[in-house]
Amino acid sequence: MGRVDHHHSKTLLKPFNQTLQTLLSLLNLHSSSPRYLLHLHAVIVKSHLSHHPFLLTRLAHAYLSSNSLSPPTRILLSFPKRPPLFLWNETIKAHARNGRFRDSIGLYDVMLARGATPNEFTFTFVLPACAAARAVLDGRRIHEHAVRFGFLSNVFVATAVVDMYGKCGEVRLARKVFDGMSQRGIASYNAMISGYVSSGKCEEAISLFDQMQKLGLQYDATTMVSALQASASLGALQKGRWVHEQVMSSQMEINVHLGAALVNMYARCGCIEESRRIFNEMPRRDLISWTAIICGYGMHGLAEDAELLFNQMVQCGVMPDSITFVGVLSGFSHKGMVNKGREYFKKMTEEYYIKPTLEHYSCMVDMLGRAGRLEEAEAFIRTMLVDPDAGVWGGLLNACKIYGNVELGERVVEEILRLDPRNAGWYVLMSNIYATAGLWNGVAKMRLLMKERKVSKYPGWSSIEIDGHRHVFLVFDRSHPKSEEIYRFLKDLEERMRAAGYVAETKCVLVNLDEEAKEDMLCGHSERLAIAFGILSTKEGEVLRVIKNLRVCIDCHTATKFISKIVGREIIVRDANRFHHFRDGVCSCGDFW
DNA sequence: ATAGGGTTAG
């Protein structure tokens, strides 16, 4: 079947060379596939063969015998005369809104091929289909049509174009169209902001959001949802709080979207109690609100509470879905609750009939591996019904690092690099396994491999928000204006830490240096710079919240415990994986992560 | 036209 399709789509690339006969046999073969029929139709028209009576009769027959063609399409196609534009538009819209994005785009093409001229509505219906299908090439083409037909001056059309590019990850193109608009509505801003957020450009999202305020534009609930997402992702609690205040003072109704965004923002910014308070006070809760708070508890290492909430949710008659289980399982994984994890994995498949995805397998492998059950983790991978991806194997590789298993690591990394050779993380992880074992040849081998394959790693950073401004630190960063002061403070602090019993864990310096040089390197780790800057820039006793893009290393974890005690501060660190709450010399993760 | 929840790795 796949082979037949492939063969025909290949022949379709050269429609002008096709004989009538070929088109006819294609029509016979593919009378049951509506999408294919629509495309074939477009090809016939574009090849200037639509005047051919025999071919058209065949096409009509194919359409009529095609049961899987949607009823609206059949009505449209059975229209005696040229269908009115309104009918084209409605049919394109109906498909776009019911998940049949490709059909929607296909209908648009047939419409053009039949000589109909689209209007502004046509574009506002077909562009979201391109956006949802992430069909950037179609979207680009249709954008050009909109320009050519003179509809880009329409706010709705231009906004749909901005949104389409944003959803397809083409934020630069989106911004270009956005900047070219002569007038913009709130939705235009919302589309642009959410485009930034979905591409991970959260600073840009916030900056446009701020610009709206400067221009005196009103926010609506949609704007707020995106702003909250951006704040959550950046860990910008002060910004998130400000957005929350605006929501409250503008008497905006807290609908399920806003509620979930708020719950998520507070949780991801380290305020799990606040998150819970919002959740409790929400007027309406649905699956997504529940999932948000459950994931929040999981991230904070509160798996027992997550489980409690899971059961409450079920009691309320809300059915968990695949993502709810990702949250629950990852929560158990953070606490090493292997038996619970197994129990819920079983529950998911046997009670809820949810097919485990690669994400669930990743959680399970990670959980088993971190609990030291490497053989079990490997055996678990063998039981998978789908082929494991690099992420699943990655959990095992990480376990090899924690437990210093070089041989298994070598076997696993080979598997991983076959699947995902472009990702620097794996090379670094394997190189770390070698380094921890003192096998510097292995380290060199991985470095060389990276060089040969031209993969480069991206740097670790930590950030902290002070007076509404986000300060980002890289490793050994000296670019901050207060750099001198920060390093001096860290040196002083180290003395006091040593006096309190701190011993540098030089194992996590992964280059071959003498011990003293290694200790110096540890002080330059980005989270230390952020924490030091935080202590210097805030009032005595204030809580510090640090965001990190990678996982904390063991030495920084130990150091932060000492720092929290010495300076009498609660330090909350969100790393790539979870939250660590440091207080009075102990961490909420119980040193398991 | 625009909006909510997720795993793994450096």
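Owing to the predicted nature of the structure, the values given are computational and were not obtained by experimental measurement. Throughout, a chain's letter reflects where its sequence line sits, starting with A, and its residues are numbered from 1.
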[atom1] of [X] versus [atom2] of [N]: gap in Å, rounded?
X      : N      : atom1 : atom2 : result
A:M430 : B:dT8  : CE    : C1'   : 17 Å
A:F279 : B:dG5  : CZ    : C1'   : 12 Å
A:N190 : B:dT2  : CG    : C1'   : 5 Å
A:M450 : B:dG10 : CE    : C1'   : 8 Å
A:R268 : B:dT7  : CZ    : P     : 8 Å
A:L258 : B:dG4  : CG    : C1'   : 9 Å
A:H334 : B:dG6  : NE2   : P     : 12 Å
A:L287 : B:dG6  : CG    : P     : 12 Å

Please tell me which of the listed nucleotides, [options], lies nearest to the side chain of [X]?
X      : options              : answer
A:K401 : B:dG5, B:dG10, B:dT7 : B:dG10
A:Q229 : B:dG4, B:dT7, B:dT2  : B:dG4
A:S362 : B:dA3, B:dA1, B:dT8  : B:dT8
A:S194 : B:dG10, B:dT2, B:dT7 : B:dT2
A:D220 : B:dT7, B:dT2, B:dA3  : B:dT2
A:D321 : B:dT8, B:dG4, B:dG5  : B:dG5
A:C363 : B:dA3, B:dT7, B:dG6  : B:dT7
A:P128 : B:dT7, B:dG10, B:dT2 : B:dT2

How is [X] classified with respect to the nucleic acid when contacts are heavy atoms under 4.0 Å: base, sugar-phosphate, or nothing?
X      : answer
A:L550 : base
A:R422 : nothing
A:L329 : nothing
A:D286 : base
A:S322 : nothing
A:N577 : sugar-phosphate

Expected list for residues 280-289 of chain A: side-chain donor-acceptor pairs under 3.5 angstrom, two or more places apart:
{"from": "A:N280", "atom 1": "OD1", "to": "A:R276", "atom 2": "NE", "distance (Å)": "3.1"}
{"from": "A:E281", "atom 1": "OE1", "to": "A:R277", "atom 2": "NH1", "distance (Å)": "3.4"}
{"from": "A:E281", "atom 1": "OE2", "to": "A:R277", "atom 2": "NH1", "distance (Å)": "3.4"}
{"from": "A:R285", "atom 1": "NH1", "to": "A:F279", "atom 2": "O", "distance (Å)": "2.5"}
{"from": "A:R285", "atom 1": "NH1", "to": "A:N280", "atom 2": "O", "distance (Å)": "3.4"}
{"from": "A:D286", "atom 1": "OD1", "to": "A:I288", "atom 2": "N", "distance (Å)": "3.1"}
{"from": "A:D286", "atom 1": "OD1", "to": "A:S289", "atom 2": "N", "distance (Å)": "3.1"}
{"from": "A:D286", "atom 1": "OD1", "to": "A:S289", "atom 2": "OG", "distance (Å)": "2.8"}
{"from": "A:S289", "atom 1": "OG", "to": "A:D286", "atom 2": "N", "distance (Å)": "2.9"}
{"from": "A:S289", "atom 1": "OG", "to": "A:D286", "atom 2": "O", "distance (Å)": "3.3"}

Below 4.0 Å: OP1/OP2 of [N] and any side-chain N or O of [X]:
X      : N     : value
A:K167 : B:dA1 : no
A:R285 : B:dG5 : no
A:N264 : B:dG4 : no

Indicate, yes or no, whether a donor-acceptor pair under 3.5 Å links the base of B:dG10 to the side chain of A:N423.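 Flag set: donor-acceptor pair detected.
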Would A:K93 and A:F125 count as a cation-pi pair here, with the cationic atom under 6.0 angstrom from the ring centre and within 45° of the axis?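 Cation-pi check for A:K93 and A:F125: passes.
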Is the ring pair A:H300/A:F579 parallel, tilted or perpendicular, if the boundaries are 30 and 60 degrees?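 Parallel.
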Can you tell if the side chain of A:S463 reaches within under 4.5 Å of the side chain of A:F473, non-hydrogen atoms only?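 Of all side-chain heavy-atom pairs linking A:F473 with A:S463, none is under 4.5 Å.
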Do the non-hydrogen side-chain atoms of A:F156 and A:F121 ever get within less than 4.5 Å of each other?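 Not in contact.
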When you check the gap from the basic side-chain N to the acidic O, do A:E170 and A:K176 get nearer than 4.0 Å?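 No salt bridge links A:E170 with A:K176.
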